[in-house]
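So the structure is just underneath, and the comments pick up after that.
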Amino acid sequence: MVRKTKQDAQATRARILDTAECVFQRKGVSATSLQEIAQAAGLTRGAIYWHFQNKADLFDAMLQRVVLPLECSLEHRDADEDTDPLVALRCGIGDVLAQLVRDVQVQRVLEIAMHKVEYIGDMHAVRERRIASRDAHMLDVERMLALAARRGQIGAQPSPRVAATGLHALIDGLLYNWMLDPKAFDLQVTGLQVLDTYVRGLTAGATAPSAPVRMASNAIAQ
């Protein structure tokens, strides 16, 4: 009997995950069995269990292969104190929207994570990890807004935490509806317009003009 190499094992694991993405997207997570995934991948169910403990473990591994929108870190964008935090925030969210529009795999996994799964039972641990990733992203946004508030670019109210929560809900809602019907609106154009409108509301109580913008040349312009 020929022993499988590490490369063979990695290829099989990737095959299982690729297949799971397609089957989950088509049928939904709850309605999909590991046997169905194995058959679609041309493997035995034992091969699935060799790599994953259960369906929740497989689903979590599928999520870990991509960086989902609003669960990625923006920390690198506010490392430079000379950077305008509002422009950095716009650039970061613009990057998120652009990535989703151009990356079919991210679209597929986000659709599953948003519309094709119930986070109950075995999926509870996966839900907690998604919440932790979301909270880390929102903390990055809160830090940027706090810096903008200290510079007088936005008003003291609402607090940076409340403003970050509202902004997350706004963009998350756009993503949710775009994933339902990507033809309904241009995600990048509409997303940045909505973001700009929201930020203008925050700047209504500003005590100082925005600092000179020092962004990289790839800053997204409307």
Side-chain angles (χ1 to χ4, degrees), residues 1-74 93 95-141 165 168-169 171-184 187:
M1 181 176 180
V2 179
R3 294 183 62 184
K4 285 191 175 182
T5 65
K6 182 177 181 181
Q7 186 175 8
D8 290 334
Q10 290 175 339
T12 299
R13 188 176 190 274
R15 182 177 174 182
I16 293 169
L17 290 168
D18 289 342
T19 303
E21 282 183 15
C22 295
V23 180
F24 285 156
Q25 184 184 36
R26 185 175 70 251
K27 296 191 62 177
V29 177
S30 297
T32 299
S33 69
L34 292 181
Q35 180 63 35
E36 288 174 306
I37 294 173
Q39 289 177 344
L43 300 167
T44 65
R45 192 167 63 173
I48 303 282
Y49 281 113
W50 177 263
H51 292 277
F52 305 101
Q53 295 180 7
N54 49 38
K55 186 163 62 175
D57 187 34
L58 191 159
F59 179 78
D60 190 39
M62 181 198 72
L63 292 180
Q64 297 302 321
R65 290 207 302 175
V66 301
V67 178
L68 290 180
L70 305 190
E71 292 186 10
C72 54
S73 174
L74 299 175
I93 292 178
D95 285 349
V96 165
L97 301 179
Q99 180 204 19
L100 180 58
V101 168
R102 68 173 178 259
D103 195 320
V104 176
Q105 185 184 24
V106 174
Q107 290 177 25
R108 182 165 55 244
V109 175
L110 183 62
E111 180 185 358
I112 296 167
M114 279 187 159
H115 299 296
K116 302 293 181 71
V117 65
E118 295 177 317
Y119 291 101
I120 57 177
D122 290 342
M123 295 292 179
H124 180 73
V126 181
R127 174 180 178 271
E128 293 303 309
R129 282 190 287 275
R130 286 207 65 198
I131 289 174
S133 296
R134 179 209 62 189
D135 289 349
H137 178 275
M138 287 182 60
L139 184 58
D140 286 344
V141 174
T165 301
H168 181 275
I171 301 301
D172 189 58
L174 278 173
L175 297 180
Y176 184 92
N177 283 278
W178 188 78
M179 290 306 307
L180 280 176
D181 181 11
K183 295 180 180 179
L187 181 63

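Just so it is clear, the values below take in all heavy atoms, side chains as well, and ignore hydrogens, waters and symmetry mates. The structure presented is a predicted model; accordingly, all values stated were derived computationally and were not measured.
Atom OG1 of Thr32 and atom CZ of Phe59 lie 11.0 Å apart (nearest 0.5 Å). To the nearest 0.5 angstrom, Arg45 atom CZ is 5.5 Å from Gln35 atom CD. Between His168 atom NE2 and Arg134 atom CZ the span is 6.0 Å, to the nearest 0.5 Å. Between atom OG1 of residue Thr44 and atom OH of residue Tyr49 there is a gap of 11.5 Å, rounded to the nearest 0.5 Å. Interatomic distance, CD of Glu21 versus CG of Leu63, reported as 9.5 Å (0.5 Å rounding). Distance check: Asp140 CG to Leu70 CG gives 11.5 Å after rounding to the nearest 0.5 Å.
Looking at every heavy atom in both residues, Ala56 comes nearest to Asp122 through CB-O, 3.4 Å. Closest non-hydrogen pair, Thr19 versus Ile37, comes out as CG2-O, 3.6 Å. Contact detail for Ala113 and Val117: the closest heavy-atom pair is O-CG1, 3.5 Å. Of all heavy-atom pairs between Arg13 and Ala61, the closest is NH2-CB, 3.7 Å. Summarising the geometry of Phe24 relative to Ile112, their closest heavy-atom pair is CB-CD1, 3.7 Å, with the distance given to 0.1 Å. Across Ala31 and Glu36, no two heavy atoms sit closer than the pair O-OE1, 3.4 Å.
The one candidate from Val101, Val106, Leu100 that meets the side chain to side chain contact (heavy atoms under 4.5 Å, CB included) condition with Asp103 is Val106.
Remark: side-chain polar atoms of Lys55 are paired, donor with acceptor, to backbone N or O of Val29 under 3.5 angstrom. A donor-acceptor pair under 3.5 Å links the side-chain atoms of Asp8 to the main chain of Thr5, judged by distance alone. Panel note: side chain Arg108, backbone Gln25; no donor-acceptor pair is recorded below 3.5 Å.
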Derivation and outcome, side-chain contact (heavy atoms from CB on, under 4.5 Å), residues Asp60 and Gln53: CA-CA 11 Å; Asp60 190 39; Gln53 295 180 7; over 6 Å; no
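With contacts defined as side-chain heavy-atom distances shorter than 4.5 Å, the pair Leu17/Phe52 qualifies. Two residues are said to be in side-chain contact when any heavy atoms from C-beta on lie closer than 4.5 Å; Glu118 and Met123 fail this criterion.
Here Tyr176 pairs with His115 under the ring pair (Phe, Tyr, Trp, His ring centres under 6.0 Å) rule; sequence neighbours left out.
Atom CD of Glu128 sits in a crowded spot, with more than 12 heavy atoms from other residues, nucleotides or ligands closer than 6.0 Å.
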